[in-house]
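Below, chains carry the letters A, B, ... as their sequence lines are ordered, and counting in each starts from 1. Because only heavy atoms are used, hydrogens play no part in the values below, and waters and symmetry mates are left out as well, while side chains stay in. Fair warning: this is a prediction, and the values are worked out from it, not measured in the lab.
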Amino acid sequence: MSKYRTHKCNELRKQDLDKEILISGWINKKRDHGNILFIDLRDNYGITQCIIDKENKNFLELEKIQLETVVKIDGKVVERSSETVNKDIETGDIEVVINKFEVLGTCKELPMPVFSDQEYAEEIRLKYRFLDLRRKKIHENIILRSKVISFIRNEMTSAGFLEFQTPILTSSSPEGARDFLVPSRLNPGKFYALPQAPQQFKQLIMVSGFDKYFQIAPCFRDEDARADRSPGEFYQLDLEMSFVEQEDVFNVVEKLLVNTFKKFSDKKLMYDQFPKISYADAMLKYGSDKPDLRNPLVINDITEVFSREDVSFEIFKKLIKSGSKVRCISTKNTKDKPRSFFDNIDKWAKEQGASGLAYFTFEDDGKLSAKGPIGKFFSKEALVEIMKKTNSEVGDSIFMACGKLNELEKITALARDKIAQDLDLIDDNIFAFCWIVDYPMFERDEITNKIGFSHNPFSMPQGDLTDKELEDPLNILAYQYDIVCNGIELSSGAIRNHKPELMYKLFSIAGYDKQQVDEKFSGMINALSFGAPPHGGIAPGIDRIVMLLANEKNIREVTMFPMNQNAQDLMMKAPSEVNEEQLKELNLALKIKK
RNA sequence: GGGGGUGUAGCUCAGUUGGUUAGAGCGAUCGCCUGUCACGCGAUAGGUCGAGGGUUCGAGUCCCUUCACUCCCGCCA
């Protein structure tokens, strides 16, 4: 028998009546009636009400005890009278009459209450994370995370995937995010980098003939944080398969995600088969490659309408002549919305740095017209054309923006979210997954004007590329794909380029000559020259999956020991300064920018 | 690197137009209370109003600088 407990705090029931039992846990709450004292004892599993009265010699000492003290209670299970049964807890039919108790862990005055649904400042939560983690909501989130990972592991293993670990100390990669560097004591002046993802390793695993690999892999990127992006480190379900095409990867991941989300959430899936949207379509219809498909609004291009003689909206016409486009969002049956609804959206758009959103509403009192500040600039025929292009009807409204493509996509994407929120069009009880496919292989850097890889340099381009097609690299598409759910990018993957000759060609477009490629990617390119199977994979983000399942808006709520926005661990005080000797041993000297 | 928000008791917050000694709830301490489950009642302690500077007869409140936390943009193949 355990020295500390015969039962856990969720276990005792009516059938245990009269048993002498031991339970251990934290004092969650005390209710002191002077001559009788109730104590809610809490452990990982649940809560048991314990009771002691004045007759017991331990009464006074227990009355004074601090909340969150860890105690062992020795007592007897008794039935509660029918009026005092508590249906909110599993053990609510019984209570434990305390005979003796022992303090196992004392507790100082708490910097934050544990038993409370109150929200607290991030700083105090992170500093006392061990207290924060005792609180119900986040405690359950972390348990959910464990269950999700365990479930995924099972699914992957039963699907024939092998789990491997890959190195944490590896080499710096020239593409992608900033690396975390680790100085090498044995190799003065040289550094390891922490992996941004096990990208090259998983391909090497395929070249090594293991066929199907997965790993719950830590990934390290030294980039700034966001609500859905931890600074520093995060976890991916990294997976890779040999002798597969895009569809084979889709089938595996789609099944896994559907199973996982159905098991761990009551929310409905909008699609059991994820729709596939090309990158180009997504950018046009949603202004983003991570559209929230719960949002029914779509963006339409109506630039052509402004070339009509009977449209006299000169501001837009002039901008279009210098290369701008006009895109719009049509909202259903908004004719009775107050003027403030429209003006607020216009004002909001200006706050976002746009020049605002022009709007009007289609009306028909015998004659089709556009109601709104700019309605007068459009003829009846022009309005009919807009209605046709945007699938609108009388009573609907149009919000328009005009600008250069990049800005236009950005502002219309934001406006799509904003308007849907204002109109309450987004059903929060749905998960809407989709695939974004056919990413361009290359893109032009706006600032340097150079052509670079738009995603992963190791992706396989689509089609048999002739030299002529290579001359126009911006038109080359890749077997590169993302999974998006409710507007959050969940994963990114690709069929890999396993042909060294083709890889040299693609790298040369991005400005790397053969020698540089051999140098930077020696492990990869060498391996591909010794019999590489066609292969591909993907890497869903574990933290974001759990975040969606736990219905949380912030990734810290599903991370056990997160860092703050400035990539500091307030509890462990990391990062920290190191002493002179440590630096010396590593052949390092500090030169800090003022 | 840039923009927004927040910062008042251990915790969550209020604090009017610049005006007397900065308040409440929870928590802490002390007292009362035998059926609560957010127990109840009474009392006490607890404040560098994030920090620094300025305007003013007078600043929690207005101005400037700065720090911390947070959200967003950049960044994240």
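- Scanning atom types as modelled, no donor and acceptor separated by under 3.5 angstrom connect the side chain of R221(A) and the base of C76(B).
- A tilted orientation is assigned to the rings of F507(A) and F521(A), their planes being inclined by 30° to 60°.
- With the nearest nucleotide of RNA chain B identified for both N554(A) and Y120(A), Y120(A) has the one nearer the 5' end.
- Here, C62(B) and G2(B) have their P atoms 25 Å apart, quoted to the whole Å.
- In this structure, R31(A) does not reach the U36(B) phosphate: none of its side-chain N or O atoms is under 4.0 Å from OP1 or OP2.
- G18(B) and C75(B) have their C1' atoms separated by 44 Å, with the value rounded to a whole Å.
- If you check every strand for non-hydrogen atoms under 4.0 Å, R226(A) touches a base.
- The phosphate of U36(B) has neither OP1 nor OP2 within less than 4.0 Å of any side-chain N or O from N86(A).
- Under the 3.5 Å distance criterion, with hydrogens and angles disregarded, a donor-acceptor pair is assigned to the side chains of Y439(A) and D482(A).
- In this model, no donor atom of one side chain and acceptor atom of the other lie less than 3.5 Å apart for D292(A) and N295(A).
- In this entry A24(B) has U12(B) as its Watson-Crick or G-U wobble partner, both defining distances falling under 3.5 Å.
- Side-chain proximity of A121(A) to G35(B), C71(B), U12(B): nearest is U12(B).
- Within the nucleic acid shown, R556(A) comes within 4.0 Å of sugar-phosphate atoms alone, with no base atom in reach, counting heavy atoms only.
- Residue G34(A) is classed as a base contact, given a heavy-atom separation below 4.0 Å to a base.
- P457(A) comes within 4.0 angstrom of a nucleotide base, judged by non-hydrogen atoms across all strands.
- The gap from the P atom of G50(B) to that of G10(B) amounts to 13 Å, rounded to the nearest Å.
- Between the CD atom of Q565(A) and the C1' atom of G3(B) there is a distance of 13 Å, given to the nearest Å.
- With both ends at atom P, the span from G3(B) to C39(B) equals 47 Å, rounded to whole Å.
- When the side-chain nitrogen and oxygen atoms of R229(A) are compared with OP1 and OP2 of C73(B), none of them lie within a distance under 4.0 Å.
- Residue contacts for N566(A): at a heavy-atom cut-off of 4.0 Å it reaches the sugar-phosphate backbone alone, with no base atom in range.
- What separates CD1 of I411(A) from P of C72(B) is a distance of 16 Å, to the nearest Å.
- With no hydrogens or angles considered, a side-chain donor-acceptor pair links Q462(A) and D438(A) at under 3.5 Å.
- At a threshold of 4.0 angstrom between heavy atoms, the contacts of Q49(A) include nucleobase atoms, whether or not backbone atoms are also involved.
- In this structure, F59(A) atom CZ and G35(B) atom P are separated by 12 Å, rounded to whole Å.
- One interatomic measurement links the two molecules: CG of D40(A) to P of G35(B), which rounds to 17 Å at whole-angstrom precision.
- When each of R80(A) and K410(A) is assigned the nucleotide of RNA chain B with its nearest heavy atom, R80(A) is the one assigned upstream, toward the 5' end.
- At the heavy-atom level, N564(A) lies under 4.0 Å from the strands shown only through sugar-phosphate atoms.
- Between Y213(A) and D238(A), the side chains place a donor N or O and an acceptor N or O closer than 3.5 Å (distance only, hydrogens not considered).
- Within the nucleic acid shown, Q480(A) has no heavy atom closer than 4.0 Å to any nucleic acid atom.
- Nucleic acid contact for S454(A): sugar-phosphate only, since backbone atoms but no base atoms lie under 4.0 Å from a heavy atom of the residue.
- Atom CG in L60(A) sits roughly 10 Å away from atom P in C32(B) (whole-Å rounding).
- In this structure, G46(B) makes no Watson-Crick or G-U wobble pair, since no nucleotide meets both defining distances under 3.5 angstrom.
- Nucleic acid contact class of F453(A) (heavy atoms, under 4.0 Å, all strands): sugar-phosphate only.
- Rounded to an integer number of Å, the gap from M563(A) CE to U70(B) C1' is 16 Å.
- Across the strands present, C69(B) finds its partner in G5(B); the criterion is a Watson-Crick or G-U wobble pair with both atom distances under 3.5 angstrom.
- Ring centroid separation for the pair Y504(A) and Y512(A) does not come in under the 6.0 Å cut-off.
- The gap from the C1' atom of U6(B) to that of A14(B) amounts to 15 Å, rounded to the nearest Å.
- Counting to the nearest Å, the P atom of G35(B) and the CG atom of D93(A) are 21 Å from each other.
- H33(A) qualifies as a stacking partner of the C39(B) base, centre to centre under 5.5 Å and near-parallel within 30°.
- Residue contacts for L37(A): at a heavy-atom cut-off of 4.0 Å it reaches no nucleic acid atom on any strand shown.
- Taking the C1' atoms as reference points, U61(B) lies 14 Å from U55(B), given to the whole Å.
- Of the side-chain N and O atoms in Q66(A), none sit less than 4.0 angstrom from OP1 or OP2 of G27(B).
- Across all strands shown, Q568(A) has heavy atoms under 4.0 Å from sugar-phosphate atoms exclusively, and none from any base.
- For R135(A) and Q118(A), the side-chain atoms include no donor-acceptor pair closer than 3.5 Å.
- To the nearest whole angstrom, the two P atoms, one in G60(B) and one in C49(B), are 8 Å apart.
- For the pair K14(A)/E79(A), a side-chain contact is recorded, criterion being any heavy-atom separation below 4.5 Å from C-beta on.
- Residue K29(A) has a polar side-chain atom (N or O) positioned under 4.0 Å from OP1 or OP2 of C39(B).
- Straight-line distance between the C1' atoms of G58(B) and G54(B): roughly 15 Å, to the nearest whole Å.
- Pairing for G31(B) is with C41(B), a Watson-Crick or G-U wobble pair whose two hydrogen-bonding atom distances lie under 3.5 Å.
- Figure legend: K29(A) and F115(A) shown without cation-pi pairing, the cationic atom not lying both under 6.0 angstrom from the six-membered ring centre and within 45 degrees of its axis.
- Taking atom CD on E443(A) and atom P on C76(B), their separation rounds to 9 Å, with Å as the unit.
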